[in-house]
Amino acid sequence: MDLSYSAEDIAFREQARTWLTENVPREPRPTDQFAAAAFDREWQRRQYEGGWAGVNWPKEYGGCGLTGVRQIIWLEECVRAGAPPTSTTTFFGLFHAGPTLIVRGSEAQKRLHLPRILNGESLWCQGFSEPGAGSDLAALRTQGVVDGDHLVVRGHKTWTTSAPTADYQELLVRTDPQSKRHKGLTWVICDMKLPGIEIRPIKTMMGESEVNSTFYDDVRIPLSNVVGTINDGWSVAMSTLAFERGTAFMGDQISLVAKVQKLIELASSTRAPDGKLVIEDDDIAYRLAFLKAETVALRAMTVISLSRVERTGQPGPEGSMMKLLVTTVNKLLNETALDILGLRALEYGEDRASNPWTYDYLYSWVYTIAGGSSEIQREIIADRVLELPRAR
Amino acid sequence: MDLLPSSEHEQIVAATADFLRSELPLARFHRHDRPPHEIDAALWQRLADQGWLGLAIAESQGGVGYSIVEEALVFVELGRLLAPTAVLTACIGAKAAASTGQLSLAADIVSGRARVAIGLGHRVAPEPAGLTGDWHIFDAAGAAYCLLLTDSGVLLTDIRGTQLQPLPCLDKSIALGKATLDRADVVARATDPSVRRAGTLLVTATMVGMAEATRDMIVEYAKVRETFGRAIGTYQAVRHPCADMAVRCEEAKAQLYYAAVSLREQTADVELQVSAARVLAQNAALKNADSCIQLHGGIGVTDEYDPHLFLKRAHVLKHWFDPAKDHLRRILAAPLAAI
C-alpha cells in the first residue's frame with residue numbers, strides 16, 4: 001500500500017500542467033448549443049494536436065494510452081487549470097462509441113471513425129433509450145430490417161443528448177422481430193444527416209433542450225455500419241456500458257473535490273439575512289464538512305479502482321457503487337449550494353448562465369437517472385457485489 | 001501508487017480472522033456464566049501473545065514492528081468480531097509511552113502485564129490547570145493506566161490508587177466506571193500528534209470492520225429468510241438498503257486505507273485524511289447497524305441476535321478520540337493537499 005508518485009509521474013504532471021496553462025481556452029463555453037458544439041470541437045482539436053486527446057485510449061488508436069495514476073493526474077491538472085470538462089457533445093464519442101469501436105469495430109470502422117473522434121471532427125450521440133425502454137433497455141422496439149446491403153430503420157428513440165450537433169449516433173435496434181429481450185438486437189453506426197431522421201427537442205426542467213426525441217422513418221443505413229454482427233448488438237452495447245461505469249465518472253469524481261472547496265468559499269463570503277456569514281451556521285458547516293469527507297473518499301475509491309485495474313486488467317464491480325455515490329454526493333452538494341445562496345438561488349432564468357448553482361442543482365437528477373438510475377445501480381450491486389437472490 | 005493490500009497484508013488479515021473465529025466468536029456475548037466485560041488473565045495473555053497490544057511498536061521494544069497500515073488492517077478484523085476494546089487502548093497507551101521514551105512502561109503494556117483504560121467526559125485544560133471533575137473511565141476493569149486526550153496529544157495517568165465507582169455500560173462487554181483523577185498521576189505526555197491520530201485511525205478501522213460485519217450478517221440472512229414464499233433478498237425493499245450498506249463500507253474502507261498510508265508517510269494532508277475516514281466510518285457503523293436491525297425484522301430487536309451488539313459498540317466508540325463534530329471542524333478547516 002503506497003501513495004507515492006514515481007519520478008516519471010511527477011514529470012508527467014509538470015508536462016500536463018505546462019501544456020494546459022498554455023492551451024486552456026480563455027473564453028467561457030457559449031450557451032447556444034451550436035456555438036457550444038463548435039467550441040467543444042475546437043478544444044478537442046487543440047488537445048489532439050497537442051497529443052492529449054483520448055487520454056485513456058490505447059496508443060495504437062491514437063490515444064495517449066495513459067494508465068492508472070496518470071489518468072488521475074491528467075484529470076486533476078485539468079480541474080486545476082480550469083479546462084472545459086468533458087461535455088455532452090464529446091462524451092459519447094470519447095467514452096462510449098470510440099471505446100466500443102476499439103473493442104468490437106471492424107478495421108475499416110476504426111480507421112474511419114477513431115481519428116475523427118479524437119480530433120473533434122466527429123461528434124457522437126447515443127440512440128439506446130426509447131419511450132418504452134429506459135431502465136429496461138432490452139424492451140426496445142425500434143426496428144431494423146435488412147434490405148439488400150442496407151438496414152432500414154423505423155422507430156423512435158428518446159433522451160438523445162446533443163442530437164442536433166452530432167455527426168454520428170450509436171444506435172441500438174431490433175433486427176429480429178420474433179426475438180425477445182436482449183436477443184435479436186443490432187448495434188449500428190448511424191449518420192445523423194441521413195434522410196428520414198427527425199429530431200424534436202425536449203424541454204427539460206432546467207429550461208433548456210439538451211435532450212431530444214429522434215424519429216426514424218425508413219432510414220437506410222449501409223450494412224457495413226453494423227458493429228459486431230446482426231442480432232449480437234446486446235453484447236456490443238454492454239461493452240460500452242461496462243466502460244461507462246468503470247472509468248467515465250472519474251472526471252466527475254475528481255472535479256467534486258474542487259466543487260466542495262468552492263462551496264466552502266461561497267459559504268464563507270455569503271451573508272445570511274441575520275448578517276452572519278453562512279458558514280457560521282453549524283448545520284451548513286457540518287454538511288459541507290461531511291461532503292468534503294465524501295469527496296476525499298471518492299478520490300481514495302478512484303485510486304483503489306485504478307489499483308485493481310493495474311493488478312487484474314479490469315475494473316471490479318465497484319463501478320456501480322462509484323456511480324451511485326458520485327451522483328448522490330453531487331446532488332447533496334448542489335442542495336447545500338441552494339441553502340447557502342438563500343433567496344439568490346431563486347433568481348433563475350431558465351439557462352445556466354443566469355445562475356449556475358441553481359442550474360447544477362436541477363441538473364443533479366440528470367446524473368442520478370442517466371446512464372442507469374440510482375435504483376438500477378442498487379440492483380446491480382445487490383446482484384453482482386452482494387450476490388443476493390433475484391426475483392426475475 | 002497502489003492502495004490495495006498486498007499478499008502479505010492479506011495473510012496478516014487471514015491469520016487475525018482465524019484466531020478471532022476460534023478464540024473470540026460472537027457467541028461469547030450470549031454466555032451467561034460470567035460478566036461479559038470480564039477479560040480473564042489467560043485470554044488477555046493470549047491476545048498479548050498474538051502481538052496485538054503492540055502491533056506498531058518496534059520489535060526492539062517488544063512489539064511486532066508493523067506500521068500503522070498493518071495495524072489498521074488487523075483492527076478492521078477486530079471490529080468485525082467486536083474484540084475487546086481494551087486492545088485498542090493498550091495499543092495507544094503503548095505508543096504514548098514509547099513516544100515519550102518510557103520503554104519499560106511500553107513493554108509492560110505490550111506484554112499484557114499492565115492494562116490501559118480511556119477516560120472521557122472533559123477536555124483536559126492546558127497545564128497547569130489539571131484534571132477537574134468526574135471522568136467516565138472505559139475498560140476500567142483491572143486497568144493500571146488511563147488514556148486522556150488533550151487538544152494535541154495523549155496523556156497516560158496511573159489509576160492504580162484511584163477509587164472507581166462502577167457504572168453499567170450500554171455495551172455490556174465494556175467495564176465502565178466513574179472517577180476523579182489527579183494530575184500528579186500523569187506518567188506520560190505524548191505530544192506527538194501521530195499518537196492521537198493513531199487512536200483516531202484505530203477507532204476508524206474498528207468501525208469499518210463493524211460496518212462490514214452488519215452488512216454481511218443481513219446479506220446472509222436475506223438469502224435464507226423467506227416471506228410471501230420467497231427469500232427476502234429478492235425484494236427491492238431489502239436489496240436497496242443492502243446496496244447502500246455496501247456502498248458505505250466501500251467508501252469508508254477506501255478512505256481508511258488512504259488515511260492509514262497518509263499517517264504512515266506523515267503527509268501534509270494527514271489530518272484531513274484521518275478525520276475524513278473517521279466520520280465516514282462512524283456513519284457506516286451506525287447506519288449499517290440500524291439497517292441490519294431493521295431488515296432482520298422482529299428478531300433484530302432480540303438480545304439473542306447480534307445486530308444490537310454492533311449498534312451499542314458504535315455508540316460507545318463514537319465518543320472515543322473525539323466526537324464527529326470535532327473531526328468535521330478539522331475537515332472544514334483543512335486545506336486540500338497541494339497537488
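Order of the sequence lines sets the chain letters (A, B, ...), proteins ahead of strands, with each chain counted from 1. Only heavy atoms go into these numbers, but all of them, side chains included; no hydrogens, no water, no symmetry mates.
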Of the backbone (N, CA, C, O) and the side chain (C-beta and beyond), which part of [X] lies under 4.5 Å from a heavy atom of chain A, both, or neither?
X: Y257(B); result: both
X: V69(B); result: side chain
X: E251(B); result: both
X: N283(B); result: side chain
X: H327(B); result: neither
X: R230(B); result: side chain
X: L73(B); result: side chain
X: A246(B); result: both
X: R278(B); result: neither

Audit row: N288(B), S291(B), side chain to side chain donor-acceptor pair (under 3.5 Å) steps and yes/no: CA-CA 5 Å; N288(B) 283 12; S291(B) 295; 5.5 Å; no
Using non-hydrogen atoms and a 4.5 Å limit, figure out which bit of [X] sits close to chain B: side chain, backbone, both or neither.
X: L386(A); value: both
X: V257(A); value: both
X: D383(A); value: both
X: E310(A); value: neither
X: L3(A); value: both
X: Y5(A); value: side chain

Chain B contacts, top residue of V303(A), V296(A), I279(A) (heavy-atom pairs, under 4.5 Å): V296(A)
K318(B) side chain to L286(B) backbone, donor-acceptor under 3.5 Å: no
Test item: T368(A) side-chain N/O and S374(A) main-chain N/O as donor-acceptor pair under 3.5 Å: no
Centroid separation W19(A) to F12(A) less than 6.0 Å: no
